[in-house]
Amino acid sequence: MKNYDAAVSYIQTKLQAVPEVGIILGSGMQNIVGNITNPVVIAYEEIPGFASATAPNHAGTLIAGELRGKQVVCMKGRFHFYEGHAAEDIIFPVRVLWLLGARTLIVTNAAGGINQSFRVGDIMQIRDHINLTGTNPLIGANDPRFGGRFFDMTHAYDHGFFALAESAAEDCGIALQSGVYLGCTGPSFETPAEIVAFRTLGADAVGMSTVFEVIAASQMNMRVLGFSMITNMAAGMTGEALNGDEVIAVGNSGGAKLQALIERILEKL
Ligand code: HPA
């Protein structure tokens, strides 16, 4: 069992306030931390029990402070299953954010668009997810501190936040898409046949993160808001091959829109 107390105590020695909102920054979202006032920056490697992020463009730091009137703690850099991290290490920071006091979690990611009406650069509010990683991060001994063994996922993505996000998007002049995120392990992108299958299953976007974190957050009854930035149309949809570098570049250039949306949401929370 991981030692949560050591991580929480260490972070608490640095924090100036109790965080209300945890934010996991996906590719291209990292600049949001520049707007945090009086930021406290803690490198993951300093924190007992934190793994280190190896994915491109995912620096490993926790940044806490005030953003648009809310006390936030941002994960700049997240852990992916494809990096070889154990599922329990991927959810460790989410549990730590909760133990620190965060009861709302905003998760963001880059994703491939499966819904044919989506366009590259769109932002999709995650209405629900399909975990197709083949595993669950909560397999193993249950730590009752975080919730029950069996728990509801009906409202994993807080329905009460859907309208708030839509109105924040309207304020920002963003046409917000809404849909189901399907999480795979990666690191290979999908085959065109898989994408056809995923569309049949009801998925609107596909990515390699998020589902483990949201499962852990659900167990703790955190209110979750999720957003995918559509960095590319999924495999087989355009006739072009997928290119990992291009996906990252689009994520970086499209990040400002999602950043504006999240800041507006924080104002409205
Ligand atoms: N597939 C999986 N993960 C992704 C994609 C994709 O097409 N784009 C960005 N992350």
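Basis for what follows: all heavy atoms, side chains included, without hydrogens, waters or symmetry-related copies.
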Qualifying ring-ring contact (aromatic ring centres under 6.0 Å, His included) pairs with a residue from residues 210-252, counting only residues at least two apart or across chains: F81-F212

Pairwise ring-ring contact (aromatic ring centres under 6.0 Å, His included) hits with a residue in residues 109-145, at least two apart: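 Those involving residues 109-145 are H129-Y157.
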
Do the non-hydrogen side-chain atoms of [X] and [Y] ever get within less than 4.5 Å of each other?
{"X": "F198", "Y": "C184", "value": "yes"}
{"X": "I215", "Y": "F151", "value": "yes"}
{"X": "I130", "Y": "V180", "value": "yes"}
{"X": "V107", "Y": "L225", "value": "no"}
{"X": "M75", "Y": "I23", "value": "no"}
{"X": "R223", "Y": "L105", "value": "no"}
{"X": "I36", "Y": "C74", "value": "yes"}

Between [X] and [Y], what is the shortest heavy-atom contact and its length?
{"X": "M237", "Y": "Q116", "answer": "CE-CG, 4.0 Å"}
{"X": "A168", "Y": "I265", "answer": "CB-CG1, 3.6 Å"}
{"X": "L261", "Y": "A165", "answer": "CD1-O, 4.0 Å"}
{"X": "M208", "Y": "T185", "answer": "CB-O, 4.0 Å"}

Side-chain H-bond candidate by donor/acceptor type, D204 with Q177, under 3.5 Å: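 There is no such pair between these side chains.
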
Test side chain to side chain donor-acceptor pair (under 3.5 Å) applied to [X] - qualifying residues, sequence neighbours left out:
{"X": "D5", "answer": "R145"}
{"X": "R199", "answer": "none"}
{"X": "E267", "answer": "R264"}

Ring geometry between H155 and H159 (parallel below 30°, tilted from 30 to 60°, perpendicular above 60°):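 Rings of H159 and H155: perpendicular, over 60°.
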
Quick one: does [X]'s side chain have a donor or acceptor within less than 3.5 Å of a partner on [Y]'s backbone?
{"X": "S218", "Y": "D152", "value": "no"}
{"X": "N142", "Y": "G147", "value": "yes"}
{"X": "D143", "Y": "F146", "value": "no"}
{"X": "T133", "Y": "T135", "value": "yes"}
{"X": "E263", "Y": "A260", "value": "no"}
{"X": "R78", "Y": "E213", "value": "no"}
{"X": "E190", "Y": "A235", "value": "no"}

Axial cation check for F162 ring with R127, 6.0 Å and 45° limits: no

Spacing of CD1 belonging to I90 relative to CD belonging to E83, to within rounding of 0.5 Å: 7.5 Å

F79 ring center within less than 6.0 Å of Y44 ring center: yes

Neighbour count above 12 (heavy atom, 6.0 Å) for E46 CD: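 Yes, enclosed.
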
Where at least one partner belongs to residues 89-98, residue pairs that pass side-chain hydrogen bond (donor to acceptor under 3.5 Å, both in side chains), sequence neighbours excluded: K2-D89, Y4-R95, R95-Q219

V196-L242 co-clustered via ILVMFWY side chain contacts under 4.5 Å: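 No, separate clusters.
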
Path from V18 to V40 over hydrophobic side-chain contacts below 4.5 Å: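 Looking at the clustering, V40 is in a separate group from V18.
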
